[in-house]
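Shown next, in structure tokens, is the structure this report addresses.
All values derive from a computational prediction rather than experimental measurement. FYI, side chains are in, hydrogens and waters are out, and symmetry mates aren't considered; it's all heavy atoms of this structure. Letters A, B, ... are given to chains in the order of the sequence lines, protein chains preceding strands, and every chain is numbered from 1.
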There are 2 protein chains.
Amino acid sequence: MLNVGSNDDRATPARIRDAAISYVGKHGWDRATSRQIAAEAGVPVGLVNYHFGSKDGLRIACDDWIIAALLEEKTMPLTTGDLPTPDTFIAAHPELLPISDYISMSMRAGGHLADHLFDSMVELTRQMLEVGADEGTFHAYDDPYAAAVVLVAYSIGASLFGDTIARSLGGTDLLAPDTYQRYVRTAVEIFTRPLFADERYLNALDTNVPPVSAKGELHKEKE
Amino acid sequence: MLNVGSNDDRATPARIRDAAISYVGKHGWDRATSRQIAAEAGVPVGLVNYHFGSKDGLRIACDDWIIAALLEEKTMPLTTGDLPTPDTFIAAHPELLPISDYISMSMRAGGHLADHLFDSMVELTRQMLEVGADEGTFHAYDDPYAAAVVLVAYSIGASLFGDTIARSLGGTDLLAPDTYQRYVRTAVEIFTRPLFADERYLNALDTNVPPVSAKGELHKEKE
DNA sequence: GTCTATATAATGATAGAC
DNA sequence: GTCTATCATTATATAGAC
């Protein structure tokens with residue numbers, strides 16, 4: 001899949017779709033144009049709309065293809081202790097690497113694909129938390145589903161800001177050995193040695209004393 | 001600031017800039033047009049480029065104004081045990097609420113403002129980790145700066161996916177009392193009771209057995 | 001199915017009256 | 001400084017030859 005070699009026996013719609021996934025992965029849908037995608041696919045512009053109807057039709061086709069491709073991959077290693085971060089997921093499935101940029105872009109942009117991926121990651125994480133809790137390797141949280149939701153949001157944040165993290169850590173590529181080691185070591189330490197030295201904040205919440213707002217009244221609206 | 005009431009005594013450049021911040025906060029720079037921004041500001045299109053030269057000039061002016069506005073706010077409560085998440089920061093500075101959407105958009109899009117905000121949040125978090133470690137309320141991590149970087153990436157992820165988190169938790173608005181309580185309670189529990197039930201993963205890293213990357217070596221400590 | 005050429009609309013930016 | 005009118009470009013989408 002996503003073969004960009006010389007002997008290209010893919011059908012035209014597949015070539016256009018793969019070119020779109022590649023190009024959009026670098027520039028996003030807003031900045032990507034039908035002409036640029038067509039040029040990358042080596043076809044004239046007219047064929048894009050002939051096969052997909054419109055640019056939005058192409059986007060939907062790409063999203064659907066991504067979802068279908070991820071559904072075929074069910075070998076996520078639930079046995080390891082690693083959380084299903086995008087990094088570890090891609091590491092376990094290098095054949096999905098060409099679409100990883102597209103996925104990142106989609107998470108940034110939001111929308112249906114982002115929601116779908118978020119939900120899938122939550123479900124995977126929830127299962128891993130369950131297995132880990134049974135095995136005694138993971139802590140059994142009071143609200144396991146909510147814990148999965150929050151952990152997924154965290155891991156996506158780390159994924160989207162991989163380049164920024166690398167830069168902050170003095171490197172250029174997060175996957176460079178030194179930088180990646182420092183990053184992973186820190187992340188693992190955070191989930192091994194709790195940030196809060198004791199349970200005072202948790203107890204404050206459980207005794208109905210919200211620590212954020214001084215007046216104990218949560219915010220009303222967000223404009 | 002960002003007054004959109006009836007008695008609008010702001011100068012025209014300020015009105016255009018505020019309208020841009022508001023509109024871009026909802027739609028992003030790519031989808032925002034000069035005409036729509038001008039319409040929201042109640043001025044003809046020509047004035048936008050007259051005062052800011054170009055659309056990109058307007059963007060730079062907005063970014064600079066945001067940075068300046070945040071620089072004026074130095075009252076981030078370092079004494080509390082709260083981490084400087086975007087939520088808590090906005091909660092501490094409700095006058096910045098009109099620009100929170102613009103900030104979120106900028107973090108999604110990346111670029112100089114996003115990098116600047118990320119670095120600022122890292123520095124704030126690093127200070128809080130230091131203070132908290134001295135006070136005994138926070139854990140003293142082996143690499144405090146890297147810990148701040150990772151925690152900021154996590155908090156931004158939670159911030160960018162606030163709506164998605166709310167939806168996953170069965171609500172529509174993350175700041176609705178029930179949903180927010182469930183979210184905060186879970187986040188606090190995660191940072192109170194470590195995900196990893198023991199130190200085996202941390203020890204595995206420290207004994208030179210990287211779980212993800214094939215070849216790895218222990219990094220040298222931060223400068 | 002494929003390709004060239006074109007229609008239509010919207011954009012950023014500017015010229016010039018007031 | 002403000003506003004109207006317009007230019008030049010570029011985008012999506014389509015028509016029609018092959």
How many whole angstroms separate atom CZ of B:Arg59 from atom P of C:dT11? 19 Å
As a check of understanding: the bend across the helix from C:dG1-D:dC18 to C:dC18-D:dG1, end axes from five pairs, rounded to 10 degrees, works out to 10°
Taking NE2 from A:His51 and P from C:dC3, how many angstroms apart are they, rounded to a whole number? 9 Å
In whole angstroms, the gap separating C1' of D:dA11 from CZ of B:Arg31 amounts to 13 Å
Nearest-Å distance for atom pair NE2/C1', residues B:His27 and C:dA10: 16 Å
Here the gap from B:Met105 atom CE to B:Ile103 atom CD1, rounded to the nearest 0.5 Å, amounts to 13.0 Å
Would you please name every residue forming a salt bridge (Lys or Arg N to Asp or Glu O under 4.0 Å) with B:Asp30, sequence neighbours left out? A:Arg31
Identify the pairs formed between an N or O of the protein and an N or O of nucleotides 13-18 of chain D at a distance under 3.5 Å, and give each distance.
from   : atom 1 : to      : atom 2 : distance (Å)
D:dA13 : OP2    : A:Lys55 : N      : 2.6

Applying side-chain hydrogen bond (donor to acceptor under 3.5 Å, both in side chains) to A:Gln36 and A:Thr33, what does each step give before you reach the verdict? CA-CA 5 Å; A:Gln36 289 164 322; A:Thr33 68; 2.9 Å; yes
side-chain hydrogen bond (donor to acceptor under 3.5 Å, both in side chains) between A:Gln127 and A:Glu123, intermediate numbers included: CA-CA 6 Å; A:Gln127 293 177 18; A:Glu123 175 55 21; 2.8 Å; yes
Sorted by position of nearest nucleotide on DNA chain D, 5' first, the leading residue of B:Leu47 and A:Trp29 is B:Leu47
Shortest non-hydrogen separation from B:Ala19 to B:Ile37 and the atoms involved: CB-O, 3.8 Å
Distance only, no hydrogens: is a donor on one side chain within 3.5 Å (strictly under) of an acceptor on the other, for A:Trp65 and A:Tyr102? no
Contact class for A:Ala38 (heavy atom, under 4.0 Å): base, sugar-phosphate, or nothing? nothing
Does a side-chain N or O from B:Thr12 land closer than 4.0 Å to OP1 or OP2 of D:dT2, or not? yes
Check the angle between the aromatic planes of A:Tyr154 and B:Phe191 and answer parallel, tilted or perpendicular using the 30° and 60° thresholds. tilted
Can you see which heavy atom on B:Val122 is nearest to which on B:Tyr145, and at what distance? CG1-CE1, 3.7 Å
